[in-house]
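Every number for a ligand or one of its atoms is a count from 1 in the order of the listing.
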Amino acid sequence: MDKSWSAIRERARQDLSEASYKLWFAELTAGDLSGGVLELIAPSAYVKRWLSGHYMDLITGSVRDALGPGVRVRLRSRPAEPVESRQVDPSVATAHQTTLDQALSAPPFPDRYTFETFVPGPSNKFAHAAALAVAEAPPSRAYNPVFVYGGVGLGKTHLLFAVANHMWQLAPRTRVRYVTSESFMTEFIKSVRERRGYQFQRQYRDVDVLLLDDVQFLARAEETQTEFFHTFNHLHQHERQIVIASDRPPQELGGIEERLRSRFRSGLVVDVQPPDLETRIAILQLKALRDNLAVPDDVLHFIASKFDNNIRELEGALLRVAAFASLSRQATDLPLAERALEDLIPERGREIPPALILDQTAEYFGLGPGDLTSKSRSRPLTTARHVGMYLLRELTGLSLIKIGEHFDRDHTTVLHGIKKIEGLMPARGSTYKQVQELTKKIRARGRGGA
Ligand code: ADP
Ligand code: MG
C-alpha cells in the first residue's frame, strides 16, 4: 500500500504546481483499503472540502491507475487537534498573549487568513509572490523589508497573517510577531511608563520575523518612531525578516521621519490594487465554498460586477444575499440578489465617515448621544451596538481596535459583536432588516441624499 500511495502522490506532484501540491497534498495520508474503497485522510475539514471540490478527478484517476479500475475513494478529515497542542515557541506565545492583535494572529483563525484562502490575481500578484517568498525562505536577504501598500480591504492584513500561518506550518518554532503600529505605540508608551523598556525591546527584537501592520498610524508619534527605527535596524542587522503593510507608499507617509521612509524603500516595495472582475469572482467562489453557501455562478458574477474596490464589502454583499435567501426560504437567484443588494451598491471613491455610521445607527434605534458608548447592557442597546460594529467593519477600513474606541470597548468585544450579527442575519428576519435598512440610509446620506 505504501508503494501505491507514493505513486498516487507522485502523480499529483507532477500535475500540480509545487505550491498547490504542498498546500493540498503534502499532508494527505492513506487509510484503509477495503471492499474496493480507499480511504484518504485530509489534515482538516477545510482541505478535505477543497480536495473534493477541485481534485477529485485527479485523485480518483491516479488511485485507479495504481490500484485498479474499480477502486473508489472516500475522503475523510482528521478530527481537529485542540488548539493548545499547537507548537508555538513559548516566548512567542506569551508575547502574543500580551498584544491586542492576538485574536487575529494565531490559532483562533486557523484557516481564515492563509495562502490557501488568498486568491492571487493581476492586482495583487507581486504582493502575493513577495509574501510567499518571505514565508517560504526566511530571512530572504534580498527582500528585506518587504513593504506592501494599497487601499482599504485589498488583502494586506490577510497577507501578513498568511505569512505567519505558513511559517508556523513549515517551522512551528519560528518566532513570528504580528503587531499593528497602533499597538506597538500603545505598548511602547506603557512600557516607558512602567519602566519595562527592556522587556518591550526583547519582545520585538528576539524574533525571526516582525510583521508590522498599518504603519501609517505611526505618523507624528516621534518617540515611537525612534524606537521603531532602532528595532528595525536591530532586526535588519541580524538578518531577521521584516514585513510592513501601509495604506500608502513610503514616500507619501507624511509625518514619518525621512530616515524611516528610506529604510522602508530599501527593500522590496509592492502594491495591491483593486482586483479585476475575474479575481473578484474567484474570491466569491472560494468564500462560498468555505462558508458552505450554495450560490450559483451567475449570482456570484452579479455581485462581483457591482462591488469592485473593497474585498471586505464584496464578501459582505455575498453574506447578505445568502442571508436573504435563507430567511425568505427562496432559491438564491439573480432577482433575489438584486433585491438583497438594492440601494447598497457603493459609490466609487466615496468614503463613509465613521461618525455618520454611528449617528445613523443611534438615530435608527431611537437612541440618544452617548448611548452607544454607555456601559448599559440592555438588550436594545446591545443590539444597536453590535449592528454599529458590524457596519463600521464592513463599510470602513477601521481595525477592530479603532472600532472598539468608538464604543469604548476592546477589540474582542467588537469581534464578538460582529460575529453575532453575521450569525443572526441568516437566522432572524428582524436583524437582517435592521442591517439592510440602516445600510441604505447610511449610503444615501453618504451620497449627500436625504
Ligand atoms: P486590508 O488589510 O488591505 O485593509 P484585509 O486583509 O483586511 O484588507 O482584507 C479584507 C477582506 O478581504 C478579508 O476578509 C480578506 O480575507 C479578504 N481578501 C482580501 N484580498 C483577498 C484575496 N486576494 N483573496 C481572498 N480574500 C481576500
Ligand atoms: Mg488591514
Side-chain angles (χ1 to χ4, degrees), residues 19 23 46 50 100-101 103-105 108-132 146-166 178-184 211-218 243-249 270-291 293 300 303-304 307-320 346 351-352 354 390 392-403 411 414-415 418-419 422:
L23 287 176
Y46 176 72
W50 185 273
L100 292 162
D101 309 290
L104 296 177
S105 57
F109 283 73
D111 52 25
R112 190 157 172 178
Y113 297 113
T114 60
F115 284 113
E116 291 97 286
T117 60
F118 189 88
V119 176
S123 56
N124 61 32
K125 66 175 175 214
F126 294 117
H128 176 251
L132 200 55
V146 167
F147 188 99
V148 184
Y149 73 91
V152 167
L154 297 182
K156 303 182 295 295
T157 299
H158 187 138
L159 282 175
L160 294 188
F161 289 158
V163 168
N165 277 322
H166 197 75
Y178 167 89
V179 70
T180 65
S181 70
E182 294 160 289
S183 300
F184 184 86
L211 308 166
L212 180 72
D213 206 351
D214 289 326
V215 72
Q216 70 273 7
F217 294 124
L218 281 186
V243 187
I244 298 168
S246 165
D247 72 349
R248 66 203 76 175
V270 284
D271 67 345
V272 285
Q273 294 288 332
D276 61 13
L277 179 65
E278 261 179 62
T279 309
R280 298 200 299 277
I281 295 173
I283 289 172
L284 290 179
Q285 281 169 337
L286 184 56
K287 173 93 180 150
L289 179 75
R290 264 163 50 208
D291 293 359
L293 308 172
L300 296 181
I303 300 171
F307 290 78
D308 63 359
N309 68 0
N310 177 333
I311 297 167
R312 209 180 339 259
E313 285 180 358
L314 179 73
E315 294 181 335
L318 174 64
L319 288 183
R320 287 173 189 231
E351 283 186 18
I352 298 189
Y390 177 86
L392 274 179
R393 180 67 172 168
E394 191 184 303
L395 305 179
T396 73
L398 294 185
S399 65
L400 296 178
I401 298 163
K402 282 266 171 204
I403 295 174
H411 74 292
V414 175
L415 191 59
I418 294 169
K419 296 242 155 260
E422 280 180 0

| Mind checking whether V152 has an N or O less than 3.5 Å away from an N or O of ligand 1? | no
| query | Any nitrogen or oxygen of R393, main chain or side chain, under 3.5 Å from a nitrogen or oxygen of ligand 1? | reply | no
| field | Sub-4.5 Å side-chain heavy-atom contact between I283 and T279 | value | yes
| said: Are E351 and T396 packed together at the side-chain level, in the sense that at least one heavy-atom pair is separated by less than 4.5 angstrom? | reply: no
| Total protein N/O/S atoms whose distance from the Mg ion (ligand 2) is less than 2.8 Å | 1
| message | For a 4.5 angstrom cut-off between non-hydrogen side-chain atoms, does E315 reach F307? | response | no
| said: Show the atoms of ligand 1 that are less than 4.0 angstrom away from any heavy atom in N124. | reply: 23 (N)
| field | Note, I281 side chain near L277 side chain (heavy atom, < 4.5 Å) | value | yes
| field | Side chain, backbone, both or neither: the part of T117 lying under 4.0 Å from ligand 1 by heavy atom | value | backbone
| task | For atom 3 (O) of ligand 1, grab the closest protein heavy atom and report residue, atom and distance to one decimal in Å. | result | K156 NZ, 2.7 Å
For residues 118-126, which side-chain N or O atoms pair as donor and acceptor with protein atoms under 3.5 Å away, sequence neighbours left out?
from, atom 1, to, atom 2, distance (Å)
N124, OD1, G121, N, 2.8
N124, ND2, V119, O, 3.2

| query | Just checking, any donor-acceptor pair under 3.5 angstrom between side chains of D213 and T157? | reply | yes
| query | Which residue supplies the protein heavy atom nearest to atom 15 (C) of ligand 1, what is that atom called, and how far is it? | reply | H158 ND1, 3.4 Å
| field | Electrostatic pair E394:R320 at N-O distance under 4.0 angstrom | value | yes
| message | On a heavy-atom basis, I'd like to know which of V148, L314, I311 is closest to atom 20 (N) of ligand 1. | response | I311
| message | Can you tell me if G150 contacts ligand 1 (heavy atom of the residue under 4.0 Å from the ligand)? | response | no
| query | Can you find a pair of side-chain heavy atoms, one from P274 and one from N310, that are under 4.5 Å apart? | reply | no
| task | Show your reasoning for whether side chain to side chain contact (heavy atoms under 4.5 Å, CB included) applies to Y113 and L159. | result | CA-CA 7 Å; Y113 297 113; L159 282 175; over 6 Å; no
| field | Minimum-distance pair of heavy atoms, taken over all atoms of A317 and I303 | value | CB-CG2, 3.8 Å
| Which of the atoms of ligand 1 are close to G151, meaning less than 4.0 Å from one of its heavy atoms? | 3 (O)
| request: Starting from atom 10 (C) of ligand 1, find the nearest protein heavy-atom neighbour and note its residue, name and distance. | output: R312 NH1, 3.7 Å
| field | Exercise: identify the closest heavy-atom pair between L392 and L398 | value | CD2-CD1, 4.4 Å
| Is any N or O atom of R112, backbone or side chain, closer than 3.5 Å to an N or O atom of ligand 1? | no
| For ligand 1, is there an N or O atom under 3.5 Å from any N or O atom of G155? | yes
| request: Compute the shortest N/O to N/O distance between G153 and ligand 1 and return yes if it is under 3.5 Å, no if not. | output: yes
| field | For L160, the option from N165, L212, V179, V243 that meets side chain to side chain contact (heavy atoms under 4.5 Å, CB included) | value | V243
| query | Looking just at side-chain N and O atoms, do T117 and H158 make a donor-acceptor pair shorter than 3.5 Å? | reply | yes
| field | Heavy-atom nearest neighbour in the protein, as seen from atom 14 (O) of ligand 1, with distance rounded to 0.1 Å | value | E315 OE1, 2.9 Å
| Distance-only N or O hit between ligand 1 and V119, under 3.5 Å | yes
